[in-house]
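These notes concern the structure reproduced below.
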Number of protein chains: 2
Amino acid sequence: MIAELSDKEYAMQRIQEVNSALSDGMFVAARRMLHNMPACDVALLLESSPPKSRSIVWKLVDVEEHGEILEELNEEVQKDIIRQMAPENLAAATEGMDTDDLAYVLRGLPEPVYQEVLKSMDESDRERAETALSYAEDSAGGIMNTDTITLRSDVTIDVVLRYLRLKGELPEATDKLYVVDRNEKVTGEISLTQLLTVDPSRRIDEIMSSDITTIPVDMEETEVAKLFERHDWVSAPVVDSDQQLVGRITIDDVVDIIREEAQHSMLSMAGLEDDEDTFAPVLKSTRRRTVWLAVNLVTALLAAMVSSLFEDILAQMAVLAILNTIVPSMGGIAGSQTLTLVIRGMALGHIGTSNSRWLIGKELAIGFLNGIIWSVLIAAVVALWKQDWLVGGIIAFAMMMNLVAAALAGATIPLVLKRFNIDPALAGGVILTTVTDVVGIFAFLGSATLLLS
Amino acid sequence: MIAELSDKEYAMQRIQEVNSALSDGMFVAARRMLHNMPACDVALLLESSPPKSRSIVWKLVDVEEHGEILEELNEEVQKDIIRQMAPENLAAATEGMDTDDLAYVLRGLPEPVYQEVLKSMDESDRERAETALSYAEDSAGGIMNTDTITLRSDVTIDVVLRYLRLKGELPEATDKLYVVDRNEKVTGEISLTQLLTVDPSRRIDEIMSSDITTIPVDMEETEVAKLFERHDWVSAPVVDSDQQLVGRITIDDVVDIIREEAQHSMLSMAGLEDDEDTFAPVLKSTRRRTVWLAVNLVTALLAAMVSSLFEDILAQMAVLAILNTIVPSMGGIAGSQTLTLVIRGMALGHIGTSNSRWLIGKELAIGFLNGIIWSVLIAAVVALWKQDWLVGGIIAFAMMMNLVAAALAGATIPLVLKRFNIDPALAGGVILTTVTDVVGIFAFLGSATLLLS
């Protein structure tokens, strides 16, 4: 039958059925439901379950399903579950796993368990695992599969077709076969489409496309993702330093990277880690977030100390204390807009030495325009509210200063951090807030001290 | 030859060569460079160019390239360039464009131009365009292509193979052919892999997989993306309400949606629009960002008004004015961590009615733990710094209150907004800051008034 689609809502609904079954202690029913669920839905269920029910669900899943489900899980939850599995079960689960997932699972294991799992694997799996583990986790080698089909260039299509029929099946997401010479060097590729549409009597080397882009095994996974996105690839060949074919990367793994990479900025801007598990236990989450709060307490104290420098004028005029927060907060907002844009631009590879100066100039201009708009507005508001034109003028001046400073900081901080190989998404926000707080308070209370005391 | 990869850095470098050629006025050289660049690199160049050089580059590009480059461009820049093109050139550029891109381009046009472009199109293109335009932009219909190859179930593989050879080529990213009955209803699919590996004498209906998931033409594109991600599809069939095949969605379009969707939260949390163009002219960008700053000015003023309620105590003790910013800022940070996690969890479809209560409980517990940690710490700091244990105790109490409030707000606000169909990523941050500011100031200055005046 044709499934009238199993979209997210539908999956969520089935997941809730299982949940209610569990909470009612109807484990037999739950097991049956799980048995009929596709692996990707079980994975979604595990990802959206609190720790306790997570391990219950895992116990109810068919053992044969374990491998497939592990492959579908996101890193954090996968780690979480693997920790609860016995080495022999783990070894069983890893049978027939894609090389990249296999390597990932093994990397997560403590040394002794890792050795046990390797032991209980069969020969071929162990070899695949060891090759995969020899490459960096976030490199092309770490995400590639080794299940490639290669051809020689001097045979006819007809021979290839007979060979494929003999083989009976092709690896998942195969859209091309790679042509290699006797040293396993990639010399070209031929698409399944070509195999199906070209006259079978023709030779591979007559029709193969030899102008192809290969991916070096040590290329960073984010670079790989960009290549896939720009060239609309479904799969691409991975080669070692001698152009020898070592594996193949497929779009399904790249999609995960793209999603993770795009989320990375958002999460790290809030001081969260990429693999943050929404349903991790309380203590773990608290520990993870503490660092960030500590950093920001320092920032807040710094701002307080700056205010502290102007204690005299604050003591004289409570109105300054009341208005003291407005300029810093507006600076923070305006700055974070610039910061976010620049960080995204850098992630998309839009920002380089050639245009960064133009960009800084543009953001400065925006900051200046914003400065005019908002200082006039705030001056009017304060003058009407507090019946004090002088204070209105002072806050207007501070607003102007701070919005320009915010634009400058928001545009330059990420560029500078990048140069020092510090992740702008992680550190950018704090530094920006520090700048906008300090400049804002200095400009406001400083000029107040000069003019009012 | 095998290209030793053209990764982002490499593209950036070539782009800078073009830029410098342009700035030196060497237009002939620049044109030659552009001529040798792949469309995706020219697109990257345009996306990373300021308005002025953007239009210069466009003038230097070969006219035949226009269509391909337009397809590669992101929405905002695409719009920007289309506006500068004469209708007849536009019509020429759209020839042979994928249906979805064609529809997108046409949607961007002002009515009169739109009509002109349609007129100057040839029959088949016009028809394709009109079908595509009949579907919502962000629906499956809006992103599908109509270039599908269909088969009847009663023929043999051999017949299919001969048909394909006759056809000579297949649409891009074709990994499956769809089997339809005489009413064009989808009854199954068969992969190219099967065609290549199965005995040619067998009939389609013997080997086709009839248990397939079809995508309704009105399904939201983000739902489509989730399906592709969960099922690792390369392409999927789109059907109308009668299960009749109307088109085909391919992974390359889905990848763009995934990237946009994942960026959406990050951008809207800073009050920026998805298609924000990093290199848009100053005035345009300023206008776009003003709304957000206006909203946040209101928030800041609200906070100031709350402080204003406690003018008396602020007038008595400047130290309170100095410390007044610490509690709100810590609350803002802690809250935004929760907010970000919940928003991401909702985007991934991890959070539903079944687990939201658990999640709120968890975040509250974290807020409570954080409260203990940071109130003790801030009390000690203040007591040592300002030599005032009472104020230390007061700020500790306020910190406790605000961190719990922040956790509660961060977890519930997005859930509530979602229920009212308001984008949590856009509105969540402001509401959260308002809560943490008001609660923080009230708790701190309020208790100070009770205990100190």
Side-chain angles (χ1 to χ4, degrees), chain A residues 2-3 5 7-8 12 16 19 40 47-48 50 164 168 170 192-193 196-197 213-214 223 226 230 232 234 251-252 258-259 262-263 265-266 270 278 282 285-286 289 296 300 303-304 307-308 311 314-315 318 321-322 325-326 329 333 336-337 340-341 345 349-350 352 354 358 362 365-366 369, chain B residues 2-3 5 7-8 12 16 19 40 47-48 50 164 168 170 192-193 196-197 213-214 223 226 230 232 234 251-252 258-259 262-263 265-266 270 278 282 285-286 289 296 300 303-304 307-308 311 314-315 318 321-322 325-326 329 333 336-337 340-341 345 349-350 352 354 358 362 365-366 369:
Chain A
I2 311 279
L5 96 102
D7 72 322
K8 194 189 88 229
M12 267 328 256
Q16 279 167 35
N19 276 324
C40 53
E47 286 170 354
S48 35
L164 293 180
L170 302 183
L192 298 195
T193 306
L196 285 167
T197 51
T213 308
T214 57
E223 285 307 315
K226 290 211 179 64
R230 303 224 333 272
D232 295 344
V234 170
I251 184 72
D252 52 312
I258 290 174
R259 155 94 55 199
Q263 278 180 356
S265 311
M266 171 193 181
T278 320
V282 172
S285 306
T286 313
R289 301 190 202 173
N296 283 279
S307 301
S308 192
E311 188 154 6
L314 283 169
I322 291 163
T325 53
I326 295 174
S329 79
I333 296 295
S336 73
Q337 289 193 313
T340 307
L341 261 192
H350 286 178
S354 60
W358 185 90
K362 174 202 165 178
I366 296 177
L369 270 180
Chain B
I2 312 280
L5 93 103
D7 72 324
K8 195 190 89 226
M12 265 330 256
Q16 280 169 35
N19 276 325
C40 53
E47 286 171 353
S48 37
L164 293 179
L170 301 183
L192 299 194
T193 306
L196 286 167
T197 50
T213 308
T214 56
E223 285 307 316
K226 290 210 178 67
R230 303 221 337 269
D232 295 343
V234 170
I251 183 72
D252 53 313
I258 290 175
R259 156 99 49 205
Q263 278 180 355
S265 310
M266 171 192 183
T278 320
V282 172
S285 306
T286 313
R289 300 189 202 173
N296 282 279
S307 302
S308 191
E311 187 152 7
L314 283 169
I322 291 163
T325 53
I326 297 174
S329 80
I333 296 294
S336 73
Q337 289 193 312
T340 307
L341 261 193
H350 287 178
S354 60
W358 185 93
K362 174 202 166 177
I366 296 177
L369 270 180

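Below, chain A is the first sequence line, B the second, and so on; all start at residue 1.
Between the NZ atom of K226(B) and the SG atom of C40(A) there is a distance of 13.5 Å, given to the nearest 0.5 Å.
Minimum heavy-atom separation, L164(B) to L196(A): CB-O, 3.9 Å.
With respect to chain A, the highest number of heavy-atom pairs below 4.5 Å among I333(B), V234(B), L369(B), N19(B) belongs to I333(B). With respect to chain A, the highest number of heavy-atom pairs below 4.5 Å among T278(B), I251(B), T325(B) belongs to T278(B). If you tally non-hydrogen atom pairs under 4.5 Å between each of I326(A), T197(A), N296(A), D252(A) and chain B, the highest count goes to T197(A). Of all the listed residues (A315(B), A304(B), A365(B)), the one sharing the greatest number of non-hydrogen pairs under 4.5 Å with chain A is A304(B). Per-residue heavy-atom pair counts under 4.5 Å with chain A were compared for S308(B), S329(B), S265(B), and the maximum is reached by S308(B). Of the residues considered (A303(A), A318(A), S336(A)), A318(A) shows the highest number of contacts with chain B, using heavy-atom pairs under 4.5 Å. In terms of heavy-atom pairs under 4.5 angstrom with chain B, the leader among Q263(A), E47(A), M266(A) is M266(A).
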